[in-house]
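Since we're looking at a predicted model, the values are computed, not measured. Positions are given from 1 along the sequence.
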Amino acid sequence: TEAGELIAFNGKSEPISGGDMPSDLGPVREAYIAPYHRAALLEDGTLRVWGRGYDGVSEKGNPEWKAKPALPDGSTAVAMSSTDITLAVRLDDWQLLAWRMAHGELEVPEEFAADQIESFVLNLDYLLAVPTGGGRAIAWHYRQPDKPAGQFPIEEPVRALRDASLDTLL
């Protein structure tokens, strides 16, 4: 909401309530609500994650994350992107951190480091980013972490990544 409150709805357009939403969440800048995990980047730069994916119970229909995403002590996040199985945040020092459900924290390639990235987005296969100096978007297939990052093979200008849904570029 305009007040920074997070109101989430289930598939039946009913608000999610009760134990699923933290009562002390605070003003929310960005959020991602998935079937088994929730993530919120708060206005003060803290990251909150919760849900059944972190409850320590691994069962069919309730995949457990190997490591609960958390910011390093003293760090502040400025941006977030998430899918049902991944989460990435950019810190105020421009460092990019990423986690994948069954793999824990991922080693993000150095092409995504420091002040080289203006904005980024995750989809089910790739971490894509717009370089600060312009040019083509760079991509890393995080499901194949041994492959190096490279330029994303699209002909559209890089600003398309900023303005359009990522799905229209794939």
Worksheet entry | Test log, rule side chain to side chain contact (heavy atoms under 4.5 Å, CB included), inputs D125 and N123 | CA-CA 6 Å; D125 294 312; N123 76 1; 4.0 Å; yes
Fill in: Donor-acceptor contact below 3.5 Å, side chain S81 vs main chain L122
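Side chain of S81 to backbone of L122, a donor-acceptor pair under 3.5 Å: yes, one is there.
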For the student: nearest non-hydrogen atoms of [X] and [Y], plus distance:
{"X": "K66", "Y": "H103", "answer": "CD-C, 3.7 Å"}
{"X": "G26", "Y": "L42", "answer": "O-CD2, 4.3 Å"}
{"X": "L71", "Y": "G45", "answer": "CD1-O, 3.5 Å"}
{"X": "V78", "Y": "E30", "answer": "O-OE2, 4.3 Å"}
{"X": "L87", "Y": "M80", "answer": "CD1-CG, 3.7 Å"}
{"X": "H37", "Y": "T83", "answer": "NE2-O, 3.1 Å"}

[atom1]/[X] to [atom2]/[Y] distance, rounded to the nearest 0.5 angstrom?
{"X": "W99", "Y": "E105", "atom1": "CH2", "atom2": "CD", "result": "5.5 Å"}
{"X": "S82", "Y": "L41", "atom1": "OG", "atom2": "CG", "result": "11.5 Å"}
{"X": "L127", "Y": "I138", "atom1": "CG", "atom2": "CD1", "result": "8.0 Å"}

Worksheet entry | By side-chain hydrogen bond (donor to acceptor under 3.5 Å, both in side chains) - contacts of D73 (at least two apart) |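 D73 satisfies side-chain hydrogen bond (donor to acceptor under 3.5 Å, both in side chains) with no residue once adjacent residues are dropped.
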Item to complete: Under the side-chain contact (heavy atoms from CB on, under 4.5 Å) rule, collect the residues that match up with K68, sequence neighbours excluded.
Response: V49, Y54
If we only count heavy atoms from C-beta on, is the [X] to [Y] side-chain gap below 4.5 Å?
{"X": "L128", "Y": "F120", "answer": "no"}
{"X": "W50", "Y": "L25", "answer": "yes"}
{"X": "V89", "Y": "L96", "answer": "no"}
{"X": "R100", "Y": "Y142", "answer": "yes"}
{"X": "P72", "Y": "L91", "answer": "yes"}

